[in-house]
Asks: 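Mind having a look at this structure? Questions to follow.
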Amino acid sequence: MSPDTTARMPVVFVHGLWLHAESWKQWIELFRQKGYEAVGASWPGDAETTEATRKNPGALAGHGVGEIADHIARQLEAIGRKAILIGHSFGGLLVQNLLGRDLAAAAIAIDPAPIRGVLELPLSSLKSAFPVLGNPLNFNRAVPLTEKQFRFGFTNAVSEQEARELYAKYAMPAPGRPLFQAATANFNPWAATRVNTGNATRGPLLLISGTEDNTVPPVLVRSTSRRYRGSPAETESKEFAGRGHSLTIDSGWREIAEYCLSWLRGKKL
């Protein structure tokens, strides 16, 4: 990507469950410093801040993957130009959805939630999802994580002190419906988590995983990558040793961000 193109290229960051667009603040600042027009996307029900969203969790309840993807698609349309999308966890699934619909120039999916067709079901993923899936009534609720649950699902690869700080700063309730949709996707040909992996004309895609991730272990990301083998469009993968699900918000976030910037510099967008 040439410098004059970079200066005008929009980048949209998409958060996942239990986080807010504020979780991308450091990334947005860095990408702006590098010349991109960087912003964070909202989900339906998100307030302006993490704290404000915590105070009104009911606004998040009942929203599913398709509705969230369409909500972000409308934000992309307002930009007036195809953007680069960077998403984490369920945000990683969403950016693949949008890239497959030709609504983005390129996408980076970090620890992405499994798309339809990913068959592996690691025990650690089940444990991470159990706070939601353990109660069918959570389908239409917004569900918070306890500090212990956040420690297992997000911050298992950082120190106890950092884990407490990240929970206090970032954790908020999340809609339960997307997890139920992902859990039943392979029994439903029209599942909300399906992605057009066969799109031959889409932009490039980078899939990132962390070896210590309990919520989205690398085996799920490798399986996602295999779903794209039928398309000639560019798909690459990168695995980071020793990193957990909090890799976009913890003290090692910049290593991931710099890799993403380097990857993008090699693309003609």
Side-chain angles (χ1 to χ4, degrees), residues 13-33 38 40 42-43 46-57 60 86-92 108-113 122-134 138 142-176 179 208-221 238-262:
F13 292 91
V14 183
H15 69 82
L17 296 174
W18 294 297
L19 296 178
H20 186 275
E22 279 190 328
S23 65
W24 290 112
K25 182 180 178 181
Q26 297 173 111
W27 288 67
I28 290 171
E29 291 174 351
L30 176 62
F31 272 66
R32 287 176 177 171
Q33 289 170 11
S42 69
W43 283 27
D46 280 351
E48 282 295 313
T49 65
T50 303
E51 187 58 35
T53 307
R54 287 171 177 164
K55 292 177 180 177
N56 187 25
L60 304 168
I86 301 178
H88 171 252
S89 197
F90 259 91
I108 299 174
I110 304 171
D111 293 342
L123 289 176
S124 67
S125 296
L126 284 173
K127 183 176 178 179
S128 295
F130 189 75
V132 173
L133 299 180
N138 286 335
V143 183
L145 293 181
T146 65
E147 187 171 339
K148 182 178 179 180
Q149 290 164 343
F150 195 81
R151 175 68 162 152
F152 181 83
F154 279 78
T155 56
N156 59 295
V158 302
S159 70
E160 193 71 43
Q161 177 63 32
E162 185 175 5
R164 287 194 295 268
E165 293 170 356
L166 292 173
Y167 179 77
K169 184 174 183 178
Y170 292 115
M172 70 179 205
L179 275 171
I208 290 178
S209 61
T211 62
E212 303 307 307
D213 193 326
N214 284 332
T215 298
V216 185
V219 64
L220 295 181
V221 183
K238 173 65 177 178
E239 193 171 291
F240 285 88
R243 305 304 300 275
H245 204 60
S246 66
L247 78 177
T248 59
I249 59 172
D250 63 35
S251 57
W253 70 272
R254 189 156 186 142
E255 177 190 17
I256 314 300
E258 292 286 3
Y259 184 89
C260 292
L261 284 164
S262 176

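Only this structure's heavy atoms are used, side chains among them; waters, hydrogens and symmetry mates stay out. Because the structure is a prediction, the values reported are computed rather than measured.
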Asks: The test is side-chain contact (heavy atoms from CB on, under 4.5 Å); show your working for His88 and Leu247 and say whether it passes.
Replies: CA-CA 9 Å; His88 171 252; Leu247 78 177; 4.1 Å; yes

Asks: Could you tell me whether the side chain of Ser209 reaches within less than 4.5 Å of the side chain of Asp111, counting heavy atoms only?
Replies: yes

Asks: If I take atom CG from residue Leu261 and atom CZ from residue Arg254, how far apart are they, to the nearest 0.5 angstrom?
Replies: 8.5 Å

Asks: Quick one, Asp213 with Val221, criterion side-chain contact (heavy atoms from CB on, under 4.5 Å). Give me CA distance, side-chain angles, the key distance, then yes/no.
Replies: CA-CA 11 Å; Asp213 193 326; Val221 183; over 6 Å; no

Asks: Would you say Leu17 and Ser89 make side-chain contact, with heavy atoms under 4.5 Å?
Replies: no

Asks: Does Asp46 reach the main-chain N or O of Trp43 with its side chain, forming a donor-acceptor pair under 3.5 Å?
Replies: yes

Asks: Would the Trp24 and His15 ring centres measure less than 6.0 Å apart?
Replies: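 Here the rings of His15 and Trp24 have centres that are no less than 6.0 Å from each other.
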
Asks: If you measure only the distance, is there a donor-acceptor pair under 3.5 Å linking the side chains of Glu29 and Gln33?
Replies: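 Note: Glu29 and Gln33 side chains miss the donor-acceptor criterion.
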
Asks: Keeping the roles fixed (side chain from Thr146, backbone from Gln149), state whether a donor-acceptor pair exists under 3.5 Å.
Replies: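 Pair found, side chain donor or acceptor close to backbone of Gln149.
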
Asks: Does Phe154 offer a backbone N or O that forms a donor-acceptor pair with the side chain of Trp18 under 3.5 Å?
Replies: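 Answer holds: no.
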
Asks: When the ring centroid of Phe13 is compared with that of Phe31, is the distance short of 6.0 Å?
Replies: yes

Asks: To the nearest 0.5 Å, how far apart are OG1 in Thr53 and CD in Glu48?
Replies: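 Thr53 atom OG1 to Glu48 atom CD measures 8.5 Å (nearest 0.5 Å).
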
Asks: Kindly indicate whether a cation-pi arrangement holds for Lys238 with Phe240, taking the cut-offs as under 6.0 Å to the six-membered ring centre and within 45° of the axis.
Replies: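 Yes - Lys238 lies over the ring of Phe240, closer than 6.0 Å to its centre and within 45° of its axis.
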
Asks: Minimum heavy-atom separation for Ser23 and Tyr170, please, with both atom names.
Replies: CA-CE2, 3.5 Å

Asks: Can you check whether Phe90 reaches Val216 side chain to side chain, under 4.5 Å on heavy atoms?
Replies: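 When only atoms from C-beta onward are counted, Val216 and Phe90 do not touch, as no gap falls below 4.5 Å.
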
Asks: Check Glu51 with Arg54, please: is the shortest side-chain N to carboxylate O separation under 4.0 Å?
Replies: yes

Asks: Check this for me: Glu147, atom CD, are more than 12 non-hydrogen atoms of other residues, nucleotides or ligands nearer than 6.0 Å?
Replies: yes

Asks: Taking the side chain from Ser262 and the backbone from Glu258, do they hold a donor-acceptor pair closer than 3.5 Å?
Replies: no

Asks: Examine distances only and state if a side-chain atom of Tyr167 and a backbone atom of Leu145 form a donor-acceptor pair shorter than 3.5 Å.
Replies: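 Confirmed, Tyr167 side chain pairs with Leu145 backbone.
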
Asks: I'd like to check Ser124 versus Pro217 (side-chain heavy atoms, cut-off strictly below 4.5 Å). Are they in contact?
Replies: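 Ser124 vs Pro217: side chains touch.
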
Asks: Taking the side chain as every heavy atom from C-beta outward, state whether Asn214 and Lys127 have any pair of such atoms under 4.5 Å apart.
Replies: no

Asks: Will you find, in the side chains of His20 and Thr49, an N or O donor that is under 3.5 Å from an N or O acceptor?
Replies: no

Asks: Within this structure, what is the CZ-CE distance for the pair Phe150 and Met172, rounded to the nearest 0.5 Å?
Replies: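 Nearest 0.5 Å value for the CZ-CE distance: 11.0 Å.
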
Asks: Short question: side chain of Glu22, backbone of Thr50 - any donor-acceptor pair under 3.5 Å?
Replies: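 Yes; at least one donor-acceptor contact below 3.5 Å.
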
Asks: Can Glu162 and Ser251 be counted as having a side-chain donor-acceptor contact under 3.5 angstrom?
Replies: yes

Asks: I need the minimum non-hydrogen distance between Ala38 and Ile28, along with the two atoms involved.
Replies: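 It is O-CG2, 3.5 Å.
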
Asks: Judged by atom type as modelled, is there a donor-acceptor pair below 3.5 Å linking the side chain of Trp27 to the main-chain atoms of Thr248?
Replies: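 Yes, the answer is positive, given that a donor and an acceptor are paired below the 3.5 Å cut-off.
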
Asks: Within the structure provided, determine whether Thr155 and Arg164 are in side-chain contact (heavy-atom separation under 4.5 Å).
Replies: no

Asks: For Asp250 and Ser246, which I'm curious about, is there any donor-acceptor pair between the side chains at under 3.5 Å?
Replies: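 Yes.
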
Asks: Donor-acceptor check, side chain of Asn138 to backbone of Pro175, threshold 3.5 angstrom: yes or no?
Replies: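 No, because the side chain of Asn138 does not come within donor-acceptor range (under 3.5 Å) of the backbone of Pro175.
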
Asks: Is there a side-chain contact (heavy atoms from CB on, under 4.5 Å) between Ile110 and Ile86 once you walk through the steps?
Replies: CA-CA 8 Å; Ile110 304 171; Ile86 301 178; 3.9 Å; yes

Asks: Can you check whether Gly153's main-chain N or O pairs, donor with acceptor, with Thr215's side chain at less than 3.5 Å?
Replies: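 Pair found, side chain donor or acceptor close to backbone of Gly153.
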
Asks: For the backbone of Glu212 and the side chain of Asn156, can you confirm whether one donor and one acceptor N or O come within less than 3.5 Å of each other?
Replies: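 Yes, the answer is positive, given that a donor and an acceptor are paired below the 3.5 Å cut-off.
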
Asks: I need the minimum non-hydrogen distance between Cys260 and Ile208, along with the two atoms involved.
Replies: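 Smallest heavy-atom distance, with atoms named: SG-CD1, 3.8 Å.
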
Asks: Looking only at non-hydrogen atoms, find the nearest pair between Leu179 and Ala129 and report the distance.
Replies: CD2-CB, 4.1 Å

Asks: Please report the C-alpha distance between Thr211 and Glu239 in whole Å, then the side-chain angles of each, then the deciding distance to 0.1 Å, and finally whether the side-chain contact (heavy atoms from CB on, under 4.5 Å) criterion is met.
Replies: CA-CA 7 Å; Thr211 62; Glu239 193 171 291; 3.3 Å; yes

Asks: Taking only Lys NZ, Arg NE, NH1 and NH2, and the carboxylate oxygens of Asp or Glu, determine whether Glu160 and Arg151 approach each other closer than 4.0 Å.
Replies: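 Looking at Arg151 together with Glu160, the answer is yes, because their closest N to O distance falls below 4.0 Å.
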
Asks: With a 4.5 Å limit on heavy-atom distance, are the side chains of Ser125 and Pro122 in contact?
Replies: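 Yes. Closest side-chain heavy atoms under 4.5 Å.
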
